[in-house]
Trainee: 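Provided herewith is a single structure, encoded as structure tokens, for subsequent inquiry.
Chain letters run A, B, ... following the sequence lines, proteins first, then strands; residues in each count from 1.
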Amino acid sequence: MDLIDQLKEGNKRAAAKLITLVENKMPGYEEVLKEVHKLSGNAYVVGVTGPPGSGKSTLTDKLVKSLRKSGKNIAIIAVDPTSPFTGGSILGDRIRMNDLNLDPGVFIRSMGTRGHLGGLSESTRAAVKILDVMGSEYIFIETVGVGQSEVEIVKNADTTLMVLVPGLGDDIQAIKAGIMEIGDVFIINKSDLDGANRTKREVEMMLDLSHYERRPRVVMAVAMDNKGIDEVVEAVQEHHDFLVTSGQYHQNRAVTARDEILEIIQVQTMKNVLENPEMNKELESLTRQVALRKMDPYTAGKYILDNIQG
Amino acid sequence: MDRPIRVLVAKPGLDGHDRGAKVIARALRDAGMEVIYTGLRQTPEQIVNAAIQEDVDVIAASILSGAHATLLPRISALLKKEDAEDILFVAGGVIPEDDIPELIEKGIKAVFTPGTPTTVTVKFIEENVRK
């Protein structure tokens, strides 16, 4: 495990290699994750989400610069979409973070979603753990540009920043379920544009109708011009303090752990079916019957589940 | 190889024209690769640093400014210094034929000049990337 030893010493090269290893599920990746899990859990994870073009990368860049003044080690995971047709992708979030590139206290990794829905990639959580062990005190996860229902970030971040911009729709959009429910801090970015006040008002109204233990703060910002950045940093700190004093910090992490176990059960069960030649044959024949409407999928699924034990 | 090839498309130096870089980025994407594009005006240090953090298989540098004889060998040298010579380093852009042998000697594995079909670049990368 010499890469892990190097990782513990803060070696970026080792972190980069280990992320590749787990992202591609190369031989030994489970062993790495087992090891890394026990050592992780120290970094504070901030999720940055919002529609495409709302300024997530630029905001992340500015927030990280601001936090760097206090000497914190920071990692950024930037997720961009993978083409469903070719499997290729263009990962362009680094363009907005060029000044951070040579800062020795910052590590940036771009990831393609590789078919994973929900706004993150399947390996994002694993990458967070690796960067945590590397010694990052803050880890920023920038999601793909989201629509209305990519809410997976909440399960992976301690504080979720919802970045909005003026002009994306009326107040009905704001009261719909989904992404509008997951912000711990709302940021109206590009607030020098027309309609920013209205957008803020609509978010505030949406929050008026919600039942929160702690009402999320709404911050006006122009990330490009460094406006509102200190306020966002302050809001993150406030939310952090709230999580810790209310006990929710540990509660949230317990929920994540449970999710993680359930996810592994799900994946492993599928694997047991697909990697067992007999089960595979069984699946084929059941598939035909279900397609021909001679059997229903529930009965077929139950049959498989009853037969894979062992 | 069943995992996607990761490529850093880089624009070293001071030219402000990245149409070519974008065309090649798009072609590599369509060939199923993960392309990290870092934007204009990158120093060799920035490029190599990004390549290491992103753990890419390939660096594809596009250069039109005429500074290729200085900047490209500098990237090669940094890769060597970082013990990252296993990264396949290719270049493209307005580079005179006469300059190419020297670049190849300094560790640039291939140079693609204007008019090269993107399929040629894609094929070269697929065939020469570390397995």
Side-chain angles (χ1 to χ4, degrees), chain A residues 3 11-27 29 57-58 61 74-104 106-115 121 123 127 130-131 134 136, chain B residues 1-12 18 21-60 78-79 81-87 118 121-122 125-126 129-131:
Chain A
L3 274 180
N11 185 312
K12 289 183 178 175
R13 193 83 194 275
K17 295 265 175 216
L18 285 168
I19 293 173
T20 303
L21 186 106
V22 299
E23 190 176 29
N24 295 299
K25 297 196 166 67
M26 284 146 84
Y29 84 95
S57 304
T58 306
D61 176 65
I74 301 176
I76 301 167
I77 299 168
V79 188
D80 262 336
T82 295
S83 159
F85 302 111
T86 67
S89 53
I90 293 196
L91 312 176
D93 293 321
R94 285 189 90 100
I95 298 177
R96 324 274 172 227
M97 304 175 186
N98 267 325
D99 306 341
L100 293 174
N101 189 331
L102 292 175
D103 182 338
V106 178
F107 181 100
I108 309 172
R109 178 66 172 240
S110 315
M111 301 179 96
T113 53
R114 299 196 182 175
S121 88
S123 321
I130 290 169
L131 294 170
M134 189 182 77
S136 306
Chain B
M1 192 159 55
D2 54 355
R3 67 185 179 90
I5 297 172
R6 278 170 73 87
V7 187
L8 183 81
V9 170
K11 283 287 305 173
D18 65 349
K22 283 174 181 155
V23 167
I24 202 69
R26 175 67 203 262
L28 299 178
R29 185 203 95 172
D30 289 344
M33 300 183 196
E34 273 184 2
V35 180
I36 295 121
Y37 182 49
T38 56
L40 293 165
R41 291 184 284 278
Q42 301 287 297
T43 63
E45 285 76 8
Q46 283 176 314
I47 290 166
V48 171
N49 202 36
I52 284 171
Q53 291 184 7
E54 298 287 355
D55 195 25
V56 294
D57 307 294
V58 184
I59 295 175
L78 285 168
L79 286 173
K81 191 179 142 208
E82 296 291 336
D83 200 20
E85 284 175 292
D86 55 331
I87 297 175
T118 53
T121 311
V122 168
I125 288 174
E126 281 171 347
V129 81
R130 65 183 162 189
K131 294 282 168 6

Trainee: Between the side chain of A:N98 and the main-chain N/O of B:T38, is any donor-acceptor distance below 3.5 Å?
Mentor: yes

Trainee: Can you name the nearest heavy-atom pair linking A:N24 to B:P4, along with the distance?
Mentor: OD1-CD, 4.1 Å

Trainee: Tell me, with the steps shown, if B:E34 and A:R114 meet salt bridge (Lys or Arg N to Asp or Glu O under 4.0 Å).
Mentor: CA-CA 10 Å; B:E34 273 184 2; A:R114 299 196 182 175; 2.6 Å; yes

Trainee: Measuring from A:R94:CZ to B:E54:CD, what's the distance to the nearest 0.5 Å?
Mentor: 4.5 Å

Trainee: Which value, rounded to the nearest 0.5 Å, describes the distance between A:L21 atom CG and B:D55 atom CG?
Mentor: 10.0 Å

Trainee: Would you say that B:T43 contacts A:L102 through its side chain, given a criterion of any heavy-atom pair below 4.5 Å between the two side chains?
Mentor: yes

Trainee: Tell me, for A:K12 versus chain B, whether the close heavy atoms (under 4.5 Å) come from the side chain, the backbone, both or neither.
Mentor: side chain

Trainee: Just so I know, are the side chains of B:R6 and A:E23 near enough to count as touching, which here means a heavy-atom distance under 4.5 Å?
Mentor: yes

Trainee: Let me know if B:R41 has heavy atoms under 4.5 Å from chain A in its side chain, its backbone, both or neither.
Mentor: neither

Trainee: Minimum heavy-atom separation for A:R13 to B:D86, with atom names?
Mentor: NH2-OD1, 4.1 Å

Trainee: Below 4.5 Å, heavy-atom pairs only: which of A:A78, A:G112, A:S110 has the largest tally toward chain B?
Mentor: A:S110

Trainee: Quick check: does any side chain N or O of B:Q53 sit under 3.5 Å from a backbone N or O of A:I108, one acting as donor and the other as acceptor?
Mentor: yes

Trainee: Residues in side chain to side chain donor-acceptor pair (under 3.5 Å) with A:T58, at least two apart?
Mentor: none

Trainee: With chain A as the partner, which of B:L40, B:I36, B:V7 has the greatest number of non-hydrogen pairs under 4.5 Å?
Mentor: B:I36

Trainee: Any side-chain heavy atom of B:E45 within less than 4.5 Å of one from A:N101?
Mentor: no

Trainee: Quick one: what part of B:Q42 sits under 4.5 Å from any heavy atom of chain A, side chain, backbone, both or neither?
Mentor: side chain

